[in-house]
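Have a look at the structure that comes next, please.
Letters A, B, ... mirror the listed sequences (proteins, then strands); counts begin at 1.
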Number of protein chains: 2
Amino acid sequence: MNREIFICSNCPMTRTMATIGTKWKPIIIYALGNRTLRFGELHVRIDTISRKVLTDQLRELTEDGIIQRSPAQDSSRKVEYRLTEKGLALLPIMNMLTEWNLRYNESEI
Amino acid sequence: MNREIFICSNCPMTRTMATIGTKWKPIIIYALGNRTLRFGELHVRIDTISRKVLTDQLRELTEDGIIQRSPAQDSSRKVEYRLTEKGLALLPIMNMLTEWNLRYNESEI
DNA sequence: AAGTCTAGTAACCTTTAAGTAACCAGAAAA
DNA sequence: TTTTCTGGTTACTTAAAGGTTACTAGACTT
């Protein structure tokens, strides 16, 4: 009965990657930070993403409860996005990832 | 001169994702943890990955300095892998990610 | 010697996330 | 009225990560 072997096929890391492990979600989360931004503002900041993909990813992040979409206060056609509490809890982790990368992959000696 | 706009197309998060943002790397790092494992042991733990992809990703992680590959001490044909200091620095961040996921996506109320 | 183990490798295929281009409709501005 | 803005949507394509299958060679075991 060797059930002690750690099986990672459905381990916490695998499940976590299934939720946020796409190319653009971490970048969108990072770009939002603790600001509230309109679609267009996000698109300017992440200027290499297509509007299609940005739309798709924003919708998924909204459905997953990581960001919140609401009409902009000064306009009915503009919408704005911001991180929810759930999303904000991710931010420091994202920041730590970038610090790790800065330190280990980008520092010049 | 509006250079204050934060452009994320080559921001820290984008660069970080370029280095570790693939399907299997975070999972491999998590599965290794602070252990030293042989190829076959890793494969048992991540049992849904193909040997081809495991080999590929292990080689990239080795080239990136995140893991270290060395002959096993008790055998010349077996090789073992472990996280480097650089890789170990990632581990707590990975753990935090899974804790986040556990708390926000998997908790039953 | 034959069979098994070990960590791959090669050739090719599949999947799907991401990308391209064109279009849309309502609201707002000129 | 026309044009621009805004946040999409649609139809299709592309790229590449990941997967499948078969094979390899040396080391080890029977």
Side-chain angles (χ1 to χ4, degrees), chain A residues 5 8-10 13-14 16-32 35-64 66-82, chain B residues 5 8-10 13-14 16-32 35-64 66-82:
Chain A
I5 297 282
C8 202
S9 50
N10 195 35
M13 195 69 240
T14 305
T16 304
M17 289 299 285
T19 69
I20 60 165
T22 70
K23 174 176 177 178
W24 289 108
K25 282 179 184 171
I27 295 169
I28 292 169
I29 291 164
Y30 185 88
L32 268 175
R35 282 174 301 257
T36 297
L37 297 175
R38 286 181 295 104
F39 180 93
E41 286 172 327
L42 261 176
H43 197 223
V44 164
R45 286 160 183 259
I46 316 173
D47 63 353
T48 50
I49 191 172
S50 68
R51 297 205 307 279
K52 175 205 183 291
V53 171
L54 181 55
T55 302
D56 290 345
Q57 299 295 294
L58 286 172
R59 177 167 57 243
E60 282 183 34
L61 286 169
T62 304
E63 287 166 1
D64 290 348
I66 295 176
I67 63 172
Q68 184 172 44
R69 178 188 185 275
S70 46
Q73 292 185 358
D74 59 332
S75 170
S76 62
R77 66 173 171 168
K78 299 182 182 181
V79 295
E80 55 192 21
Y81 297 91
R82 62 185 166 96
Chain B
I5 296 282
C8 201
S9 53
N10 195 34
M13 195 69 240
T14 304
T16 305
M17 290 299 284
T19 70
I20 61 166
T22 70
K23 175 178 180 180
W24 291 108
K25 284 181 183 170
I27 295 169
I28 291 169
I29 290 164
Y30 184 88
L32 268 175
R35 282 175 302 258
T36 296
L37 298 174
R38 284 181 295 104
F39 180 94
E41 287 172 327
L42 260 177
H43 197 222
V44 164
R45 286 160 183 258
I46 317 173
D47 63 351
T48 51
I49 192 172
S50 68
R51 296 204 309 276
K52 171 199 184 290
V53 171
L54 183 54
T55 302
D56 290 346
Q57 301 295 294
L58 286 172
R59 177 168 57 242
E60 282 183 32
L61 286 168
T62 305
E63 286 167 0
D64 290 348
I66 296 177
I67 63 172
Q68 184 173 43
R69 175 188 187 276
S70 46
Q73 291 184 1
D74 58 333
S75 171
S76 62
R77 66 176 172 170
K78 299 182 185 181
V79 294
E80 55 191 22
Y81 297 91
R82 62 183 164 98

note: B/Leu37, atom CG; C/dT6, atom P; distance rounded to Å ~ 14 Å
Whichever of B/Thr55 and A/Ser50 has the more 5' nearest nucleotide on DNA chain C, that residue is B/Thr55
If you assign each of B/Arg69 and A/Thr48 to its closest nucleotide in DNA chain C, which residue comes earlier from the 5' end? B/Arg69
Quick one: is A/Gln57 getting a side-chain N or O under 4.0 Å of the C/dA18 phosphate, OP1 or OP2? yes
Please tell me which of the listed nucleotides, C/dT6, D/dA22, C/dA18, lies nearest to the side chain of B/Arg51? D/dA22
Can you figure out which of C/dA21, C/dG26, D/dT20 approaches the side chain of B/Lys52 most closely? D/dT20
For atom CZ of B/Arg38, decide whether the heavy atoms of other residues, nucleotides or ligands shown that lie under 6.0 angstrom number more than 12. yes
Salt-bridge test for B/Glu41 and B/Arg35: reply yes if a basic N is under 4.0 Å from a carboxylate O, no otherwise.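 Salt bridge between B/Glu41 and B/Arg35, a charged N being under 4.0 Å from a carboxylate O: no.
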Check this one for me: any side-chain N or O of B/Tyr81 less than 4.0 Å away from OP1 or OP2 of C/dG8?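 For C/dG8, OP1/OP2 do have a side-chain N/O of B/Tyr81 under 4.0 Å.
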Of the candidate nucleotides C/dG8, D/dT6, D/dG26, which contains the atom at the shortest distance from the side chain of B/Arg77? D/dG26
Any A/Arg59 side-chain N or O less than 4.0 Å from OP1/OP2 of D/dG7: no
Whole Å only: how far is the CD1 atom of B/Ile27 from the P atom of D/dA17?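 For the pair B/Ile27 CD1 and D/dA17 P, the rounded distance is 16 Å.
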Nearest to the side chain of B/Arg38, heavy atoms from C-beta on, is which of C/dG19, C/dT6, D/dG7? C/dT6
Base, sugar-phosphate alone, or nothing: which one does B/Glu60 contact when heavy atoms must sit under 4.0 Å apart?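 No contact.
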Of all the nucleotides listed (C/dC5, C/dT6, D/dG19), which has the minimum atom distance to the side chain of B/Ile49?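 Closest nucleotide among those given: D/dG19.
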Nearest to the side chain of B/Lys23, heavy atoms from C-beta on, is which of D/dG19, D/dC28, C/dA18? D/dG19
Where do A/Met17 and B/Thr22 come nearest, in terms of heavy atoms and distance? CE-O, 3.4 Å
Using whole Å, what does the distance between atom P of nucleotide C/dA17 and atom CH2 of B/Trp24 come to? 15 Å
Check the distance between C/dA7's P and B/Glu80's CD and give it to me in whole angstrom. 10 Å
Once you round it to whole Å, what is the distance between C1' of C/dA21 and CG of A/Leu54?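 Interatomic distance, CG of A/Leu54 to C1' of C/dA21: 17 Å.
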Rounded interatomic separation in angstrom, taking CD from B/Glu41 and P from C/dC5: 15 Å
Locate the shortest heavy-atom distance separating B/Leu32 from B/Tyr81; write the atom from each residue and the value. CD2-O, 3.4 Å
Could you tell me which non-hydrogen atom of B/Thr14 sits nearest to which non-hydrogen atom of A/Ile27, and how far apart they are? OG1-CD1, 3.7 Å
Rounded off to whole Å, could you give me the NE2-to-C1' distance for the B/His43 and C/dT6 pair?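 Whole-Å distance recorded here is 12 Å.
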A/Ile28 CD1 - C/dA17 C1' separation (whole Å):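 Rounding to the nearest Å, CD1 of A/Ile28 and C1' of C/dA17 are 13 Å apart.
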